[in-house]
Amino acid sequence: MARSLRMDAAMPSPTDRELLERLRSGEVAAFEEIYRTHHGALCDFAERYVRSSDSAQEIVHDTFLAIWARREGLEVQSTLRAYLFAAVRNRALHWTRHDAIVKRSAFRAEQEGARLGMGAAAPQPDDALAAKDARAAIDAAIALIPPRSRLAVLLRWEHQLSHREVAEAMAISVKGVEKLLAIAMRSLRENIER
Amino acid sequence: MSMEQPIDDVLIERYLAGECSESERTAVHSWLDASPSRASYRAWETHRLALVARRERWRTDAGWSALHPELNARSVGHHVPNAARFRFTSWSRPLVALAATLLIVAGGVTVSRTARRAGTVPLSASAQVASTGRGERRQLRLDDGSVVTLGPESSVNYRLQADRRDVVLVGLANFSVTHDAKRPFTVSAGDVTTTDLGTEFVIRAYAADSNVVVAVSSGRVGVVVATEPRRSTDLAAGDVAVRIPGADLAVRRNTDLSRYTEWVQGRLAFENQTLREVASELSRWFDLDVRIADTALASRRITAVYETPSASDVLDAISAGLGVTYERQGKVVTLRLPVR
C-alpha cells in the first residue's frame, strides 16, 4: 500500500522521464549524461560501505554497467537519482557481504549502517561534547545515530534526497523514513545539546 | 509574526538537509545562536558544501572513458558532442561559446529540453549541485533563465521552487538573475545572505579567505548577515560589501568593481593586491602551486588587468614588473628575487 502511494506521489521529473526514455531506447548520450551527473555523489556513497576509493569506483562502474545491460526494463519510482542510490547500495552490500565471507566474519544487512561512518570512525558518546570544533562535534554526534537512521541521514543531509527518494533508495516506505529520521533527531539532539 | 514556526525536530532536520526557506533558515539560525551548545548544527551546512566540492576527486571523465568501451555499442541515439558540456580547463577557450549552448550538463545540472519546449518552468524539488576544480570555470544556465558563472574551486548548491530560488555558494560566482518578485533569488555564502532585487552580482566566499565579498554590477540586492538577521543592507550597482568575521559589514559605495568582476569576461584583474594574494589567485585560476621563495616579496603590491591571460603570460608580466624571476617545474612555480 505504501508502495502504491509512493508511486502516485512521486513521479519522476520531466528531465528524468526524458532521460529514462532516451536511455531505454539505447541512447549512449543519455546514459553518459546520467553518468556524469551522478558519478561523484555515487562514488562518495559507495565509499561509505567499502572504505576504499578503488572499490567504491569499481562498485559504481559495475552498477552503471548493470543498468546499461537492463536499460530497457528500467522502472524508476521516485527519481532516477534515488534509483541509482538504491542500485549502488545493493551492490555495495553485496560487495561487503562477499568481503566478509572472504574474511570469515559474519556480515548481516542490519549491520550495514554500522559501517556507514559519517564522521569519526569509532565515536565515544563524550566526543560530541568534548569536541572544541563545531564540525567535529556534529560529525561525532552523527556517528552516534543508530545505524539505519544514520543511512537515512546520510542520504538526506549529505546527498539531499527527499523523503520519497530516501524511501526508494532504502526500499522502505516514506513513513519508515520519517520514523528513522525522528530517531536520528532524538539521538542527535541528545548528543549535541545535552 | 503570526505564522512563526516552532523550532522542532522536523524543522532542524530540514535545515540540516538544506531544505529550509530563507525565513525558516533565519528562524533556525536565531534559535541556534541562543545557545552555544547548538553552534555545531551550523557547521554542517559548510561541511556539506565541502563534501560536494571534494567530489571532483572521483575523476568522472576517466571513469566514463573506462566505462564507455564496455557498453555493447549498438546505440540508436545520437552522440552529444563535447561542446554541449561546460568544462573550462583553460583560459584559451572563449567564454562566448557559453551563450550558444542550451543543453547543459555540469556535475548535476540538467536543463530539461522537454520542459523548455512546452514553455513551462520545471521546478525541481530536490537540490542540484555544480562545482569547479582548480583552473576551471563553468557557466550554468538555470531553469529560470538565470545564469551563474562559477570561478575556480567553487560550488553552488541550488534549489528552484515555485515560491523561491535558493542557492548556497562556496567560492566565487557571478549571478545574472532573471528577476521574479514572486520567486526571490537568495544566495547564502558563509554567514552572509544576499537577496536579488533584479540584478547581476558577484559573490566571493572562499573558505580559505574567511571573508565574504558581494559586488553588485547592476540592479539592487539586499544583504543580511546571520548574526543580525533583522538588518538588511541594500546594495546598488557599483557597491561592494565585505563581511569580515567578527566585524560589521563594510560597504563601499560607487566603487570600481573591476577587481571583482573582470574574471566573468575572461580577464584577470588585480588592484593593489599583495603578491601573496596574487599567488593564491594564480594557483586557483591556473591549477598551479605558486610559491614565493623570499618573504620580502610577499607583501609587494600589484595592480594590473590581463586580457585573455595564460599562466605564463601573467607570470612573465609579474616578474618583469616586480623585477623578480620565476621557475616552473610541473605545477609548482617559485617566485624569487634575482641573484645578484
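Just so we're on the same page: letters track the sequence lines, and every chain starts at 1.
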Identify every side-chain donor-acceptor pair in residues 175-184 of chain A under 3.5 Å, counting partners at least two apart or on other chains, and give the distances.
none

So which part of B/Tyr15 gets closer than 4.5 Å to some heavy atom of chain A, the side chain, the backbone, both or neither? neither
Who are the salt bridge (charged side-chain N to carboxylate O under 4.0 Å, His left out) partners of B/Arg55, not counting sequence neighbours? A/Asp44
Ranked by heavy-atom pairs below 4.5 Å to chain A, first place among B/Val10, B/Asn157, B/Val52 goes to B/Asn157
In plain terms, say whether A/Arg81 and A/Asp16 are close enough for a salt bridge, that is, a side-chain N and a carboxylate O under 4.0 Å apart. no
In terms of heavy-atom pairs under 4.5 Å with chain A, which of B/Ser40, B/Gly18, B/Gly63, B/Ser35 leads? B/Ser40
Would you mind checking if A/Arg156 and B/Glu19 are paired as a salt bridge, meaning a charged N to carboxylate O distance below 4.0 Å? yes
Identify which part of B/Arg57 has an atom lying under 4.5 Å from any heavy atom of chain A, answering side chain, backbone, both or neither. side chain
